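Just so it is clear: chains get the letters A, B, ... in the order the sequence lines come, proteins before strands, and each one is counted from 1. Predicted model, so just to flag it, every value in this text is computed and none were measured.
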Amino acid sequence: MEGIDWAAAAKGTTARKPGVRPGLGARVRSCPPMKTRFAPSPSGHLHVGGARTALFNFAYARRLEGSFLLRIEDTDQKRSSDAASIGFLKDLAWLGIRWDEGPEFADGHVHCGGGKAGPYFQSERLEVYADELNRLVREGKAYHAFDTPDELEAKRQAARAEGRSYRYDRAGLMLSPDTVQRYLDEGRPSVVRFKAPEGPVTIADEVLGSATLPAGEVDDFVIRKADGYPTYHFAVVVDDELMGVTHVLRAQEHFNNTAKHILLQDALGYRRPVYAHLAIICNPDGSKMSKRDKDRILRAAVKERGLEAPPHGTMDDAVFEAWVADKNVQLDLEHAMRLADALDVQLPEINVDDFRRSGYLPEVLVNFLALNGWSPGGDREKFDLAFICREFDLPRVIKTPARFDRTKLLAFNLDALQAMPREAFVDRVRAHGDEFHPFFMEHLSEAQFELLAAASHERSKTLDDMFRTNRWVLTPDEKLAWEDTKPVRKALTGGGPTGLDQLRALQPILADLADWTVPELERVITEFAQAHAGGQLGRIAQPLRIAVSGGTVSPAIFDTLAILGKKSTLRRIERCLEWAAASAGLAG
RNA sequence: GGCCCCGUCGUCUAGCCUGGUCUAGGACACCUCCCUUUCACGGAGGUAACACGGGUUCGAAUCCCGUCGGGGUCACCA
């Protein structure tokens with residue numbers, strides 16, 4: 001931990017209007033406990049933007065000693081709602097974000113969820129919404145409408161063609177009660193619309209300040225769909241009230257929706273939570289970071305190469321064709337990764353799980369996410385979850401959209417990795433390998449693994465680096481192939497005694513070495529370099545490295561040889577010499 | 001297009017509310033040099049921003065107005 005200016009840090013930690021809860025009145029005697037929530041729609045993966053929203057809600061609840069609720073907004077029947085749809089819960093848990101109330105989740109020592117205000121899946125709360133909705137209809141604050149989607153679409157088109165913005169024309173309100181009843185009895189498809197009161201609406205926002213939407217901006221929006229499900233606007237308002245949510249921190253794309261929610265709250269006689277809208281997270285090019293970005297990049301690569309069939313072994317023709325034909329189709333992760341491999345393109349990390357797979361530490365991601373959209377002030381930018389929970393406040397939330405800088409995240413990850421004790425690093429790499437590189441782990445002895453991991457520590461930017469850059473350990477001695485590149489040629493054929501000469505001279509010395517350990521290798525090879533290369537270890541190390549790894553990059557040479565073992569080292573040198581002899585221009 | 005929000009180095013930001021201490025600080029990236037057994041790491045230094053134009057003021061990155069630019073939103077998606 002670096003030095004912290006605690007006095008300065010403490011200055012900005014008070015919310016602008018602590019405890020102010022408009023419309024509270026007599027319903028509650030004392031201030032109810034503060035409660036935040038994260039309410040995503042079901043998904044197998046947590047998007048980084050969502051992760052940040054969840055993080056801020058969680059941290060804010062901790063900071064104000066309130067509680068944090070998780071709710072699943074699954075009111076869209078078109079979106080799947082099976083078990084995989086809440087796969088993102090594990091992503092939240094991985095980041096260390098725990099919810100006090102909501103869907104139950106258990107993993108090892110971690111247990112989240114439960115609570116008395118459930119169920120926490122909106123699809124299981126239909127009766128609750130029906131009650132509140134009927135109340136609104138009874139009071140004349142909402143009404144049935146029978147317009148078909150096509151009719152509405154036509155009206156929207158017409159409005160657009162005339163250059164004016166579309167507002168629902170209240171056709172449903174013109175119907176007589178008898179007609180409405182008759183239509184209903186006939187079973188005509190209908191929705192329920194909220195009768196939006198006239199007049200401007202003022203949104204109080206703790207981050208953006210308050211803004212007033214002119215009268216007529218909010219039209220009679222749908223609150224119950226034809227399938228009987230509530231729309232997002234209705235469900236969110238009802239649930240926030242019933243579940244006792246006092247503070248709503250959500251993405252800025254909801255800012256304008258807040259007007260709808262306020263109107264609904266007034267009509268229903270609800271309390272109004274404190275709102276704070278968070279700027280969205282963007283790609284480096286400024287576009288909104290989206291889960292479709294991966295497909296976009298793959299499509300571009302496919303188009304650039306003029307591919308008409310999927311590369312061998314990536315996916316079925318049918319899957320490929322469907323994906324190419326419709327820009328809205330998303331490849332599943334497995335297919336996307338294989339295609340990216342085949343096309344040699346790098347997929348951007350978008351979901352929390354992508355970052356995990358890439359070898360980022362959860363504590364680093366949390367730190368970085370918090371930094372994109374919030375700042376503790378001053379020069380402080382390295383901190384942990386506990387710090388965020390202690391310091392997070394609304395006045396310091398940034399209003400402007402931030403571009404997600406993966407390079408800086410990588411630098412942070414490197415710093416965290418380097419700051420780790422050796423043992424901790426090896427353990428983390430092992431866990432990462434067990435999960436994402438089982439083949440690699442199976443083919444290495446425990447001793448080899450520990451040597452490799454330790455040797456890779458100081459050059460690792462992610463937990464994944466070691467596995468990606470050391471394929472040579474997995475290659476059987478008889479299968480190793482050498483790159484015929486400029487640096488390889490230079491190391492092997494350049495110099496007075498050439499690299500290949502040195503290798504030949506080294507063979508018997510290494511063959512005679514009884515104690516194949518890092519110190520012994522270092523002693524023998526350094527001595528050799530002293531005697532035959534004027535002490536320039538590089539003249540010996542590089543040819544050796546190439547001989548045993550096939551390329552110019554590997555851990556420190558003594559570590560490299562120790563990991564490989566005596567037998568493999570000697571065999572590889574032998575084969576490298578054979579390869580060189582057989583290659584034109586390489587015979588040293 | 002209507003409405004709403006935003007605008008400090010390439011990027012993330014500190015400073016802005018409570019004008020002077022800002023010839024604008026930090027971090028990542030970039031450039032140069034050093035270290036070096038490859039790749040990295042590390043060390044030293046450097047380039048680089050208050051979008052623009054008007055006010056207000058003795059004085060503005062900080063307050064006001066306008067312009068331009070960016071984003072969000074206008075669904076029986078959330």
Side-chain angles (χ1 to χ4, degrees), chain A residues 8 16 39-42 73-76 78-79 122 145 147-149 152-153 156 160 163-167 189-193 203 205 207-209 211-214 216-219 221-227 229-233 235-236 250-259 277 279-280 282 284 286-288 368 371-382 395 398-412 414 418 456-461 465 469 487 491 525-526 529 536-542 544-546 549 551-558 560:
Chain A
R16 279 185 194 113
S41 50
E73 312 234 315
D74 55 349
T75 54
D76 185 0
K78 287 192 280 294
R79 298 197 195 185
Q122 291 186 326
D147 318 73
T148 67
L152 293 172
E153 187 51 34
R156 265 194 287 270
R160 178 173 286 250
R164 56 192 170 80
S165 56
Y166 172 78
R167 296 282 124 82
S190 71
V191 300
V192 174
R193 282 179 183 269
I203 303 168
D205 185 288
V207 170
L208 267 15
T212 301
L213 263 46
E217 272 303 300
V218 179
D219 71 353
F221 56 96
V222 173
I223 54 180
R224 190 181 70 186
K225 309 181 228 179
D227 64 6
Y229 275 60
T231 59
Y232 159 73
H233 302 297
V236 84
R250 56 170 25 163
Q252 216 168 84
E253 61 206 53
H254 289 297
F255 186 81
N256 289 45
N257 289 336
T258 309
H277 289 91
I280 60 165
C282 300
S287 62
K288 185 172 165 180
F368 194 70
L371 214 49
N372 271 257
W374 179 74
S375 157
D379 293 343
R380 192 95 206 268
E381 61 174 8
K382 295 279 181 68
I398 316 303
K399 300 179 180 187
T400 56
R403 294 171 195 223
F404 197 86
D405 184 0
R406 289 185 185 74
T407 315
K408 183 160 179 172
L409 172 65
L410 195 61
F412 271 39
L414 171 113
Q418 300 314 318
S456 303
H457 188 185
E458 62 179 14
R459 76 196 73 250
S460 285
K461 293 189 175 187
D465 285 359
T469 58
I525 294 170
T526 319
Q536 291 179 275
L537 190 53
R539 305 263 315 269
I540 308 300
Q542 269 316 76
L544 265 175
R545 174 170 284 113
I546 290 163
S549 77
T552 55
V553 180
S554 84
I557 193 63
F558 313 118
T560 300

Asker: If we only count heavy atoms from C-beta on, is the A:Glu253 to A:His277 side-chain gap below 4.5 Å?
Answerer: no

Asker: Treating primed atoms plus P, OP1 and OP2 as sugar-phosphate and everything else as base, which nucleotides of nucleotides 73-78 of chain B get B, S or - for protein heavy atoms under 4.0 Å?
Answerer: S-SBBB

Asker: For A:Leu213, report the nucleic acid contact type (base, sugar-phosphate, nothing); a contact means any heavy atom under 4.0 Å.
Answerer: sugar-phosphate

Asker: Give one of base, sugar-phosphate or nothing for A:Ala411, where a contact means two heavy atoms less than 4.0 Å apart.
Answerer: sugar-phosphate

Asker: Which base, if any, makes a Watson-Crick or G-U wobble pair with B:C33, both distances under 3.5 Å?
Answerer: B:G43

Asker: Rounding to a whole Å, what distance do you find between A:Gln536:CD and B:U37:P?
Answerer: 9 Å

Asker: Rounded off to whole Å, could you give me the CZ-to-C1' distance for the A:Arg545 and B:U36 pair?
Answerer: 11 Å

Asker: For a 4.5 angstrom cut-off between non-hydrogen side-chain atoms, does A:Arg250 reach A:Thr258?
Answerer: yes

Asker: Is there a Watson-Crick or G-U wobble partner for B:C74 with both distances under 3.5 Å, and which nucleotide is it?
Answerer: B:G1

Asker: Considering every strand and a 4.0 Å limit on heavy-atom distances, what is the contact class for A:Ser460: base, sugar-phosphate, or nothing?
Answerer: nothing

Asker: A:Ser554 side chain to A:Arg545 main-chain N or O, any donor-acceptor pair under 3.5 Å?
Answerer: no

Asker: Can you tell me how far C1' of B:A29 sits from CG of A:Leu409, to the nearest Å?
Answerer: 14 Å

Asker: Between A:Arg459 and A:Pro555, is there a donor-acceptor pair closer than 3.5 Å when you use the side chain of the first and the backbone of the second?
Answerer: no

Asker: Classify A:Phe558 by what it touches in the nucleic acid, base, sugar-phosphate, or nothing, heavy-atom distance under 4.0 Å.
Answerer: base

Asker: Using the C1' atoms only, state how far B:U67 lies from B:C74, rounded to an integer number of Å.
Answerer: 26 Å

Asker: For the backbone of A:Ala226 and the side chain of A:Arg224, can you confirm whether one donor and one acceptor N or O come within less than 3.5 Å of each other?
Answerer: no

Asker: Quick check for you: among B:C4, B:C41, B:U37, whose closest atom lies nearest to any side-chain atom of A:Ile557?
Answerer: B:U37

Asker: Any side-chain heavy atom of A:Pro487 within less than 4.5 Å of one from A:Gln542?
Answerer: no

Asker: How does protein reach along nucleotides 12-22 of chain B, written 5' to 3' as B (base within reach of a heavy atom under 4.0 Å), S (only sugar-phosphate), or - (no contact)?
Answerer: BSSS-------

Asker: Considering Watson-Crick and G-U wobble pairs with both distances under 3.5 Å, what does B:U38 pair with?
Answerer: none

Asker: For the atom pair CZ (A:Phe558) and CG (A:Leu544), what is the distance rounded to the nearest 0.5 Å?
Answerer: 9.0 Å

Asker: Please tell me if A:Lys382 has a side-chain N or O lying less than 4.0 Å from either OP1 or OP2 of B:G26.
Answerer: no

Asker: Could you give the distance separating B:C63 and B:C50 at their C1' atoms, to the nearest angstrom?
Answerer: 15 Å

Asker: Which one is paired to B:C9, where only Watson-Crick or G-U wobble pairs with both distances under 3.5 angstrom count?
Answerer: none

Asker: Please tell me if the side chains of A:Arg403 and A:Cys282 come closer than 4.5 Å, counting only heavy atoms from C-beta onward.
Answerer: yes

Asker: Step by step, would you call A:Thr75 with A:Thr231 a side chain to side chain contact (heavy atoms under 4.5 Å, CB included)?
Answerer: CA-CA 7 Å; A:Thr75 54; A:Thr231 59; over 6 Å; no

Asker: Specify the residue among A:Thr212 and A:Arg539 whose closest nucleotide of RNA chain B lies further upstream toward the 5′ end.
Answerer: A:Thr212

Asker: Take atom CD1 of A:Ile280 and atom P of B:G70, then tell me their distance rounded to the nearest Å.
Answerer: 14 Å

Asker: Sticking with atom P, work out how far B:A60 lies from B:G20, rounded to a whole angstrom.
Answerer: 11 Å

Asker: Can you check B:C35 for me, syn or anti if syn means within 90° of 0?
Answerer: anti

Asker: A:Lys408 side chain to A:Phe368 main-chain N or O, any donor-acceptor pair under 3.5 Å?
Answerer: no

Asker: Between B:U32 and B:G55, how far is it from one C1' atom to the other, in whole Å?
Answerer: 45 Å

Asker: Taking atom P in both B:U11 and B:C68, compute the distance separating them and give it to the nearest angstrom.
Answerer: 22 Å

Asker: So, A:Gln418 side chain and A:Ser460 main chain: donor-acceptor pair closer than 3.5 Å or not?
Answerer: yes

Asker: Atom CG of A:Leu410 and atom C1' of B:A27: how far apart are they, to the nearest Å?
Answerer: 15 Å

Asker: For B:A78 versus B:A27, give the span between their C1' atoms, rounded off to a whole number of Å.
Answerer: 35 Å

Asker: Sort out the partner of B:G19 for me: Watson-Crick or G-U wobble, both distances under 3.5 Å, none otherwise.
Answerer: none

Asker: Would you measure the distance from the C1' atom in B:A24 across to the matching atom in B:A48 and give it in whole Å?
Answerer: 12 Å

Asker: I'd like the C1' distance from B:A61 over to B:G25, given in whole Å.
Answerer: 13 Å

